[in-house]
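As the structure is a computational prediction, the values presented were derived from the model and not from experiment. Because only heavy atoms are used, hydrogens play no part in the values below, and waters and symmetry mates are left out as well, while side chains stay in.
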Amino acid sequence: MKTSLKFVLAGLILLGLTACGNKEEADKLDTIQEKDVIKVATSPDYAPFGFHTTIDGKDKIVGADIEMMEAIAKKMDVKVDWVDMSFNAVLAAAKEGKADIAVSAISATSEREKSFDFTTDYYTSPQVIVINKQSADQFTSIEQLADKQVGAQKGTIQENIVKQQIKDAKLVSIEKLPNIFVEVKNGSLDGLVVEKTVADAYVNKNPELMIADISLKSMKEDSLCIAVPKGNEKLVKELNKQIKELKAAGAIEKMVDTNNQLTQSAGD
């Protein structure tokens with residue numbers, strides 16, 4: 001009897017472990033299709049990819065990332081449930097299951113690849129340094145930024161760019177990107193590092209600012225991707241399919257251009 005009971009208990013434990021294993025291996029694509037909803041974490045303070053604007057008297061999240069993901073969701077026949085948060089929390093939200101994916105002008109870094117799989121890139125933009133026009137003659141080389149205060153959005157690759165490429169600069173990390181542009185505009189910061197597409201949107205809107213004639217090294221991180229928690233190969237494959245179709249049609253490039261124009265016409 002004792003031997004039989006041991007076999008029964010062992011069998012139950014094995015079944016339990018198998019069930020848990022199956023649960024862990026379930027792909028998010030299946031859950032998304034069952035619920036007809038994909039939950040997306042984003043930080044809408046990064047025009048033209050994601051930002052707040054007023055439409056018909058109501059605050060709304062818009063941007064190239066937003067349009068792209070809405071288009072992808074439509075092709076997948078699901079709706080998007082946007083989770084609005086600071087960029088510093090976007091990846092954590094996806095990793096902890098508070099969102100299915102993260103879409104927020106995200107770069108695939110070696111560190112991030114430990115926790116996430118990334119889709120094929122959907123847009124590429126080089127990194128630039130934005131300064132106040134009054135400092136145009138003062139900052140014409142990277143060396144001249146030594147010991148100067150250079151801003152970057154907290155939790156982004158731009159923090160590492162300042163540390164690695166602008167030797168001896170004093171990195172100032174700020175959570176909200178618009179606030180960093182204000183600091184440069186007011187002279188509290190000497191400059192900031194940001195993607196050129198984003199810089200164009202802010203510089204065109206703020207004549208006090210300019211992109212410095214200083215080159216930064218190109219990197220694979222210049223490309224933007226969607227972050228998906230590891231173990232969801234089917235979801236990554238589906239997203240890749242939709243991204244490739246949109247890129248082939250020139251749709252994403254058009255979304256970026258359209259939202260750049262919207263950024264310039266929107267209020268601060």
According to ring pair (Phe, Tyr, Trp, His ring centres under 6.0 Å), who are the partners of F139, at least two apart in sequence or on a separate chain?
none

Cluster question for you: counting only ILVMFWY and a side-chain heavy-atom cut-off of under 4.5 Å, with indirect links fine, are I131 and L189 together?
no

Mind checking the CD-CD spacing from Q242 to E238? Nearest 0.5 Å is all I need.
4.5 Å

Can you see which heavy atom on I161 is nearest to which on Q127, and at what distance?
CD1-CG, 3.4 Å

Taking all non-hydrogen atoms of both residues, which atom of E159 and which atom of L171 are closest, and how far apart?
O-CD2, 3.9 Å

Chi angles and distances behind the side-chain hydrogen bond (donor to acceptor under 3.5 Å, both in side chains) call for Q153, Q158:
CA-CA 7 Å; Q153 187 175 23; Q158 284 77 27; over 6 Å; no

Look at the side-chain heavy atoms of Ile, Leu, Val, Met, Phe, Trp and Tyr, link any pair under 4.5 Å apart, and say whether V62 and I66 land in one connected group.
no

Taking every non-hydrogen atom, the tightest pair across V90 and A102:
CG1-CB, 3.4 Å

With distance as the sole criterion, is a donor-acceptor pair present between the side chains of S86 and S43 under 3.5 Å?
no

Distance in Å, F87 CZ paired with L177 CG, rounded so as to fall on 0.5 Å steps
10.5 Å

Interatomic spacing from CG in L235 to CG in N240 - rounded to 0.5 Å:
9.5 Å

Please, which pairs that meet salt bridge (Lys or Arg N to Asp or Glu O under 4.0 Å) have at least one residue in residues 107-132, sequence neighbours excluded?
E111-K114, E113-K220, D117-K230, D121-K247

Hey, are the side chains of V40 and D81 touching, using non-hydrogen atoms and a 4.5 Å cut-off?
no

Sequence neighbours left out, what passes salt bridge (Lys or Arg N to Asp or Glu O under 4.0 Å) with D200? Give chain and number order.
K196

Could you tell me whether the side chain of T119 and the main chain of I226 form a donor-acceptor pair under 3.5 Å?
yes

Once salt bridge (Lys or Arg N to Asp or Glu O under 4.0 Å) is applied, do any residues pair with K98, and if so which ones, sequence neighbours excluded?
E96

Ignoring hydrogens and angles, tell me if any N or O in the side chain of D27 forms a donor-acceptor pair with the backbone of E233 under 3.5 Å.
yes

Residues 237-262 vs ring-ring contact (aromatic ring centres under 6.0 Å, His included), sequence neighbours excluded, gives none

For the backbone of Q149 and the side chain of D190, can you confirm whether one donor and one acceptor N or O come within less than 3.5 Å of each other?
yes

Side-chain contact test, heavy atoms from C-beta onward, threshold under 4.5 Å: evaluate it for I61 versus H52 and give yes or no.
yes

In short, M85 meets P44 closest at the heavy-atom pair O-CD, 4.2 Å

To the nearest 0.5 Å, what is the distance between OH on Y122 and CD1 on I72?
9.0 Å

Nearest 0.5 Å please: distance from the OH atom of Y123 over to the CD atom of E195.
9.0 Å

Going from CG on L262 to CE on M255, what distance comes out if it is rounded to the nearest 0.5 angstrom?
14.0 Å

Which is it for Y46 and D65 under the side-chain hydrogen bond (donor to acceptor under 3.5 Å, both in side chains) test, yes or no, and what are the steps along the way?
CA-CA 10 Å; Y46 206 68; D65 278 353; over 6 Å; no

Going by ring pair (Phe, Tyr, Trp, His ring centres under 6.0 Å), name the residues that satisfy it together with F181, two or more places apart in sequence or in a different chain.
Y202

Honestly curious: do V128 and V203 fall in one hydrophobic cluster under the side-chain, below-4.5 Å linking rule?
yes

Under a 4.5 Å side-chain heavy-atom rule over Ile, Leu, Val, Met, Phe, Trp and Tyr, are V150 and I214 clustered together?
yes

Residues 67-80 vs side chain to side chain donor-acceptor pair (under 3.5 Å), sequence neighbours excluded, gives E67-N259, E70-W82, K75-E245

Could you tell me if Q138 and Q144 have a donor-acceptor pair between their side chains, going purely by distance under 3.5 Å?
no

When hydrophobic residues are tied together by side-chain contacts of less than 4.5 Å, even through go-betweens, does I243 share a cluster with I32?
yes

If you define the side chain from C-beta out and look only at heavy atoms, does anything of L209 sit under 4.5 Å from K133?
no

Can you list, by chain and residue number, the hydrophobic cluster partners of V37 when the side-chain cut-off is 4.5 Å?
none

Could you list all the salt bridge (Lys or Arg N to Asp or Glu O under 4.0 Å) pairs where at least one residue sits in residues 34-62, not counting sequence neighbours?
none

Results of side-chain contact (heavy atoms from CB on, under 4.5 Å) for D257 - residues two or more places apart only
E253

For residues 162-170, please give each side-chain donor-acceptor pair under 3.5 Å, one per line with the distance, not counting sequence neighbours.
{"unit_1": "Q165", "atom_1": "OE1", "unit_2": "K217", "atom_2": "N", "d": "2.8"}
{"unit_1": "K167", "atom_1": "NZ", "unit_2": "Q164", "atom_2": "O", "d": "3.3"}

Taking atom types as modelled, find out whether K185 and N206 have a side-chain donor-acceptor pair closer than 3.5 angstrom.
yes

Which atom of I101 lies closest to which atom of V103, heavy atoms considered
CD1-CG2, 3.8 Å

By side-chain contact (heavy atoms from CB on, under 4.5 Å), which residues pair with E221, not counting sequence neighbours?
S107, T109, I157, M219

In short, P48 meets V198 closest at the heavy-atom pair CD-CA, 3.9 Å

Ignoring hydrogens and geometry, is there a side-chain-to-backbone donor-acceptor pair from N186 to S188 under 3.5 Å?
no

Has D213 got more than 12 heavy atoms of other residues, nucleotides or ligands less than 6.0 Å from its CG?
no

Min side-chain heavy-atom separation N232-L29 under 4.5 Å
no

Check whether any side-chain heavy atom of F116 sits under 4.5 Å from a side-chain heavy atom of V228, and report yes or no.
no

